[in-house]
Undergrad: 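Here it is, the structure, as structure tokens.
A, B, ... follow the sequence lines: proteins, then strands. Residue 1 opens every chain.
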Amino acid sequence: MARNESLTGKIDWITVMLYAALVFIGWAVIYSSVYTDEGKSIFNATTNSGKQFQWMIGCVIIGAIILIVDSRFYVTFAYPIFGFMLLFATSVMFIGTVVKGQRNWIHIGSFSMQPSELLKFSVSLGVAKFLSGLNVDIRKWKDKWKIFAVVFVPAAIILIQGDAGSAIVFSVFALVLFREGLEPYFLIVGAAVITLSVMALVLSPAIIAAALAAITALLIYQLKKKKKIIWYIVGIYLLSTGYVFSVNYGFNKVLKSHQKDRINVLLGKEVENGKDWNIRQSIIAVGSGGFWGKGYLNGTQTKLKFVPEQSTDFIFSSIGEEFGFVGSTFLVLIYLALFYRLLYLAERQRSKFSRVYGYCVVGILFFHFLINMGMAIGVAPVIGIPLPFISYGGSSLLAFTILLFVFIRLDTQRYEQMR
Amino acid sequence: MSKDIFKNRYNIVQAIIVTFAVIFVLRLFYLQVIDRKYVSLARNNAVKELDVYPTRGYVYDRNGELIVYNEAIYDLLVIPRQAKGIDTVKLCELLGIGKDDYIARMATMHSAKGFSSYKPNVFMKQLSLKDYSRLQEYLYLFPGFYGQVRTIRKYPHRCGATILGDIGEVDDRQIEESKGYYKPGDYVGKSGIEKVYEHELGGKRGKKFVFVDVHNREMGSFNNGYFDTIARSGDNVITTLNIKLQEYAEKLMANKKGSIVAIEPGTGEILALVSSPGYDPNLLCGAVRGENFKSLLTDSLLPLYSRPTLATYPPGSAFKPVVALISLHEKVQGINYTVPCNGMYIFAGLSLHCSHHHPSATNIQYALEQSCNPYFWQTFRNAIENRAFGSTGESYGKWVELCHSFGLGIRTGVDLPSEVSGNIPTVHYFNKLYGENRWHSANIISLGIGQGEILVTPIQLANLYACIGNQGYYITPHIVKRITDPETNKDLTRHYEKHTALIDAEHFPPVVEGLFDVVEAGTARAAHVNGITLCGKTGTAQNPHGDNHSMFAGFAPKDTPKISIAVIVENGGFGADYAAPIASLLVEKYLNDTIQTSRLPLEKRMMEGNLLSKYGVKTNKTLKMNLEGE
């Protein structure tokens, strides 16, 4: 390919089209969730759909600016942007406004936003910048500590602000680090910890301890010749048993009751009447959509407000109800196409910075998709994070757009080596 | 840059992403395609079935006068969520309630079962149109408050409570019997024709399917009303009542216990039916119902008791025409049969007295006029000792059968909710009392003058005189003349049976003549009205608990009777004291539409006649309530 092609020729239009498709689907569904028989226009600025339209115009402008700015700007200013956002997010703890128990909104005039959304973007830049540094080897503990700090310090700030949902998103950087050489056992241990946690909450810890003991005994019997491995196995056994008991203790003593309820709902345990309302109504909405759906603007669950937060966190329930299995699967496929396209783009980058950043983009979008849609269909815990490009809300749409378009811009200069 | 040794991890990341995507699609397939329960769950969430209540049918009198209709009243509802920051002082002032009352009502509402601050809750029940229109002007000041129209029954003539009945909340038994049609809180007829004609008057409920939102607010019609059914209004009922006569009859019975039943003999149509003391039927409508019902229920004068169909009295002399007719029919004596009377009747060692001195009766007509007891003892004896029968039991059995053919001792079948059959003692009864074949006419001689075990209800008595007036038949007495479907005008009237007395027609004229003489010159001279050929018989029912019951039964005019009437005034003394004059006034009013000037003092005396002291009460509680009603 010629290097001196015009900018528009170098833009990956497939990604842009997938992005635009998601944004327009979101806009239409937001209109449906606020639609009443009064027949207000989708552009009516007093409704959510009208406001979302204004944000969409904002995104076109921001997207254009991002594409005009030289890629090297993002590389060069990665750390300053990262540092500035970190300071900004910290300041929110003192000057922010409390909304729904979370001090993470900032108001400047009539404009309000959540800095935590943009923090994900700046951390992506920071991670990419660090990993693309010369002689950085993630397999060395010296570098591990540094990269962990880049990820976990912002996560901790968000957690302190009370937004546990957004903080959890940062765990997805493990996937990025894995791609860049982090040892697989981090992922394996992570998966094991999640499995053990779920089991510890579903079953009694004593039963799990007994089961683990039985497995350990079996393994020792099988491997009785190899003394060294036996000690490892015993060590793992003691660690996991201890973990199971501490999870149980932590769940009962440390977590707040609404957090416990959310987990209990997910695990299918009995909860106090009404606590599982959101999730139940969302599943009913999706399930009642059937194969073809009830048709656009015909969803009763969402239109009659049975599903709460229907244009933000639970927007997928509207899609499931009105467009059915066909529409839902179609949406999953659009996301899958976007993720695959972005992974493909990331892998074709000459510059390590761009590749790492690309993985960060995929990771963040994927994690939101996973949690948000999983929650709406009852396979993920109720964590209030938006569905990328679809959920109503200016800051999230803007932040995801910035996140994505910076990568699209980086991709236009994929043959250049950037540090 | 060094060779990327982790390139293969690209595929692992791809695999992780596609794995979760597949899990989601499978989960979606399960939720949306395999498990179909969510469709009905969503439907149950969003679609509610509401009842649409029909308006109850109207009731008219025989002349088309409206006697029962529905009046709009208003329940004041409030949606608490919308009623924030209102001027409660002003609201209380408009409603005429105190601040404490306001707070108490709000508190009751909040603690009610199923309370929701999004839903309309009843703040104040049953405001009259007058009170509501005063409030309505200012209702815009109180967001969240609004009126909901309901209807209650209204009785403009304030009379006829026993006949018209009342409506109240359905009870558990009715709910069960209706197989799910009635629901708790529904209103149904509880007495009178409201109860008997519930099916017709009540109409048929409709159904409406609406969308409701999460706060249970109506959000429009489901499926454009495709599944809705329209409520069918109740049928209009035209009664046989003459409401003017009814009103007049109730006035005459003021401060007296007793009954009046007036029937049109040719048709069996009930013209008036009074149970005294009565009450204003409006007392049992609307907000005041509960309290008034309790008060009426505990009243010692039993205003809720339907005397015309439930109270039984020995008919006394009013029964004598039946005794005469049976003996004439059985041919045990002729018209000119003579019984000497010197005030004493000696029979089987008994010496019985006639009520007064009069020349001996040489025919049945004069015997009736003088109401001669010995004559009717003997007449009854002749029928019982009839040699055509093998035994007393057989002859008495025949006598009972003939009594039944006059509608005595059996239910008349009137279209009112409860009725007793009175009593004509049976052969079996006397066999048990005395032993089989061990009783004869002497044991039962008092039946001959309507005393002893014989009991009749006022409606049976009026019906009996209708039968005599008709000279041999009666039609089942009834209250409802015609039922029409207000939408289709279809005639839904019930058919009423004609019953024939088992007496040969030739025997009636002398008896009718006798009854005519009773009023002209006999014991019921007090009931004589110039220009009206009233026939009838007084009765003085013996009452072991106090003064005798005053009784009169008759019909007029003599040849083509237009009205038959029975009047019973409890503890009213002789028949001539109260019952006969009251009956004559009613007959005069009905036939002439006016009372002769010369009889106005009599009318006044009857209306003002007060027997309350005889019932052990000072004032008529119910009557007082009636006056307060307006």
Undergrad: Please classify the contact of Phe325(A) with chain B as side chain, backbone, both or neither, using a heavy-atom distance under 4.5 Å.
TA: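 Both backbone and side chain of Phe325(A) come within 4.5 Å of chain B.
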Undergrad: Glu347(A) side chain to Tyr10(B) main-chain N or O, any donor-acceptor pair under 3.5 Å?
TA: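 Not at all, since once roles are kept as given, no pair shorter than 3.5 Å links the two residues.
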Undergrad: Taking the six-membered ring of Phe178(A), is the NZ or CZ of Arg9(B) close enough (under 6.0 Å from the centre) and on axis enough (within 45°)?
TA: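 Yes, a cation-pi geometry holds between Arg9(B) and Phe178(A).
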Undergrad: Only heavy atoms, only distances under 4.5 angstrom. Which residues in residues 326-335 of chain A are near chain B?
TA: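 The residues closer than 4.5 Å to chain B, in numerical order, are Ser328(A), Thr329(A), Val332(A).
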Undergrad: Side chain, backbone, both or neither: which part of Phe367(A) has a heavy atom under 4.5 Å from chain B?
TA: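 Neither part; nothing is under 4.5 Å.
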Undergrad: So Val13(B) and Val362(A), do their side chains get closer than 4.5 Å, heavy atoms only?
TA: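 In short, these two side chains do not touch, never coming nearer than 4.5 Å.
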Undergrad: Are Val18(B) and Phe339(A) close enough, and set up right, to give a side chain to side chain contact (heavy atoms under 4.5 Å, CB included), and what steps lead you there?
TA: CA-CA 9 Å; Val18(B) 84; Phe339(A) 301 150; over 6 Å; no
Undergrad: Tabulate, in ascending numerical order, the residues of residues 182-190 of chain A having at least one heavy atom closer than 4.5 Å to a heavy atom of chain B, or enter 'none'.
TA: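 Checking residues 182-190 of chain A against chain B gives Leu182(A), Pro184(A).
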Undergrad: Give, for atom CD1 of Ile138(A) and atom CZ of Phe6(B), the distance between the pair rounded to the nearest 0.5 Å.
TA: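 Separation between the atoms: 9.0 Å.
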Undergrad: What distance do Phe291(A) atom CZ and Gln32(B) atom CD have between them, rounded to the nearest 0.5 Å?
TA: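 Going from the CZ atom of Phe291(A) to the CD atom of Gln32(B) covers 9.5 Å.
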Undergrad: What are the two closest heavy atoms between Ser288(A) and Tyr38(B), and how far apart are they?
TA: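 Looking at all heavy atoms of both residues, the shortest contact is CB-O, 3.3 Å.
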Undergrad: Which one wins on heavy-atom pair count under 4.5 Å against chain A: Ile16(B), Ile12(B), Asp35(B), Ile34(B)?
TA: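 Of Ile16(B), Ile12(B), Asp35(B), Ile34(B), Ile12(B) has the most heavy-atom pairs under 4.5 Å with chain A.
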Undergrad: Do other residues, nucleotides or ligands put more than 12 heavy atoms under 6.0 Å from the OH atom of Tyr181(B)?
TA: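 Buried by this count: over 12 neighbours within 6.0 Å.
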Undergrad: Identify which of Val33(B), Leu28(B), Ile23(B) forms the greatest number of heavy-atom pairs closer than 4.5 Å to chain A.
TA: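 Counting heavy-atom pairs under 4.5 Å, the top option is Leu28(B).
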Undergrad: Please indicate whether Lys99(B) has more than 12 foreign heavy atoms, meaning atoms of other residues, nucleotides or ligands, lying under 6.0 Å from its NZ.
TA: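 For Lys99(B), atom NZ is not crowded (no more than 12 foreign heavy atoms under 6.0 Å).
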Undergrad: So, Phe369(A) versus Phe24(B), ring centres under 6.0 angstrom or not?
TA: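 Ring-ring flag for Phe369(A)/Phe24(B): true, centres closer than 6.0 Å.
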Undergrad: Taking all non-hydrogen atoms of both residues into account, name the closest pair between Arg27(B) and Ile283(A) and its distance.
TA: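 Shortest heavy-atom contact: NH2-CD1, 4.0 Å.
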Undergrad: In terms of heavy-atom contacts, does CG of Asn8(B) have more than 12 from other residues, nucleotides or ligands at under 6.0 Å?
TA: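 Counting other residues, nucleotides and ligands, CG of Asn8(B) exceeds 12 neighbours.
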Undergrad: Leu336(A) versus chain B, heavy atoms under 4.5 Å apart: side chain, backbone, both or neither?
TA: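 Only the side chain of Leu336(A) comes within 4.5 Å of chain B.
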